[in-house]
There are 2 protein chains.
Amino acid sequence: MSRQRTAVLQTLRQTTKHPTAADLFDAIREQIPSITLATIYRNLAVLKELGLVIEVDAGGTSTRYDATTQSHSHITCIKCGLVEDLDLDLDTGNGVDVSVEEATGYKLVEHTTTFHGICPRCQSESNTN
Amino acid sequence: MSRQRTAVLQTLRQTTKHPTAADLFDAIREQIPSITLATIYRNLAVLKELGLVIEVDAGGTSTRYDATTQSHSHITCIKCGLVEDLDLDLDTGNGVDVSVEEATGYKLVEHTTTFHGICPRCQSESNTN
DNA sequence: GTAATTGCAAAGTATTTGCCCGTTT
DNA sequence: AAACGGGCAAATACTTTGCAATTAC
């Protein structure tokens with residue numbers, strides 16, 4: 001666990017946003033000015049291997065990362081790109097994975113539900129977040 | 001609707017796979033050898049605007065496209081990258097979007113559930129699809 | 001001391017754009 | 001001739017990789 005790797009994990013754990021590699025780069029550069037984007041990407045790959053972070057595909061152009069690794073839902077604004085966590089017990093109950101495994105023969109690792117819509121702020125104003 | 005645009009839509013409608021732009025390019029090139037990847041991308045953008053195709057983010061490196069535009073689930077193999085449709089009435093029932101709208105203030109467009117796991121084939125063999 | 005990890009620069013992919021030409025109305 | 005769409009090539013992301021120097025254990 002290098003200083004850089006720790007910073008990536010801590011930064012990710014301290015935010016409720018779902019930062020891109022570039023977001024992390026900008027944030028961590030304030031503490032470790034010499035860090036590079038390549039290091040961010042390499043550490044994200046390692047942390048992903050270790051199961052400490054997951055990728056979140058929310059439709060934007062670049063991949064977002066999340067230190068909450070359990071299966072959970074996201075809601076994202078198709079206008080400004082905001083990505084938020086969603087605590088949902090409505091769908092995707094605990095037995096779903098098992099049912100899907102039985103129906104498909106897959107060995108499941110996790111599942112994600114993403115809701116796409118327009119956030120309250122974008123419904124009123126015209127902004128780019 | 002040019003010949004090229006029609007080909008993109010038809011090809012997408014005739015497959016159960018979830019092709020990338022490059023996949024479509026390879027397929028359509030057999031009928032229209034002069035077509036370019038830029039044309040594929042431009043037409044996918046137009047068809048998306050028209051609501052005739054949707055993007056599917058299944059974790060792979062490139063975006064996949066789907067002519068089934070209603071909210072539906074996908075199951076994807078984290079080893080070989082296969083993406084399949086999943087007919088699920090288990091979760092994501094009809095009332096879910098409304099509940100989420102009420103809880104979040106978002107105006108929802110659609111939602112997608114993606115299951116990530118290892119497909120039956122990859123569980124036995126070691127292949128790259 | 002050895003193996004892991006970094007920074008830097010360069011290379012890879014994936015996707016988008018500018019420009020000009022041909023087709024359709 | 002105006003509008004639309006296409007092909008080509010160049011430009012933009014975003015992400016990954018090779019290499020030599022540095023750091024962690």
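We name chains A, B, ... by the order of the sequence lines, and we start the count at 1 in each one.
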Round to the nearest Å and state the distance from D57(B) atom CG to dT15(C) atom C1'.
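Answer to the nearest Å: 13 Å.
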Over how many whole Å does the gap from I40(B) atom CD1 to dT17(C) atom P extend?
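About 17 Å, once rounded to whole Å.
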What's the angle between the local helix axes at either end of the helix from dG1(C)-dC25(D) to dT25(C)-dA1(D), using five pairs per end and rounding to 10 degrees?
30°
With sequence neighbours left out, write down each residue that passes side-chain hydrogen bond (donor to acceptor under 3.5 Å, both in side chains) with Q4(B), or none if nothing qualifies.
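Q4(B): no side-chain hydrogen bond (donor to acceptor under 3.5 Å, both in side chains) contacts found.
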Partners meeting side-chain hydrogen bond (donor to acceptor under 3.5 Å, both in side chains) with K17(A) (sequence neighbours left out)
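Partners of K17(A) by the side-chain hydrogen bond (donor to acceptor under 3.5 Å, both in side chains) criterion come out as none, since no residue qualifies.
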Name all residues meeting the ring pair (Phe, Tyr, Trp, His ring centres under 6.0 Å) criterion together with H72(A); count only those two or more places apart in sequence or in a different chain, and write none if there are none.
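Counting only residues at least two positions away or on another chain, H72(A) forms a ring pair (Phe, Tyr, Trp, His ring centres under 6.0 Å) with H74(A).
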Salt bridge (charged side-chain N to carboxylate O under 4.0 Å, His left out) partners of D85(A), counting only residues at least two apart:
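Once residues adjacent in sequence are excluded, D85(A) has no partner under the salt bridge (charged side-chain N to carboxylate O under 4.0 Å, His left out) criterion.
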Please enumerate all residues that pass side chain to side chain contact (heavy atoms under 4.5 Å, CB included) together with A38(B), with sequence neighbours excluded.
T36(B), R42(B)
Members besides L50(A) in its Ile/Leu/Val/Met/Phe/Trp/Tyr cluster (side-chain heavy atoms under 4.5 Å)
M1(A), V8(A), L9(A), L12(A), L24(A), F25(A), I28(A), I32(A), I35(A), L37(A), I40(A), Y41(A), L44(A), V46(A), L47(A), L52(A), V53(A), Y65(A)
Residues that, via side-chain heavy atoms closer than 4.5 angstrom, fall in one hydrophobic cluster with I118(A)
I78(A), V109(B)
V83(A) versus T114(A): any side-chain heavy-atom pair under 4.5 Å?
no
At under 4.0 Å between heavy atoms, how does the protein contact nucleotides 4-18 of chain D? Give one character per nucleotide, 5' to 3', with B, S or -.
-SSBBB----SBBBB
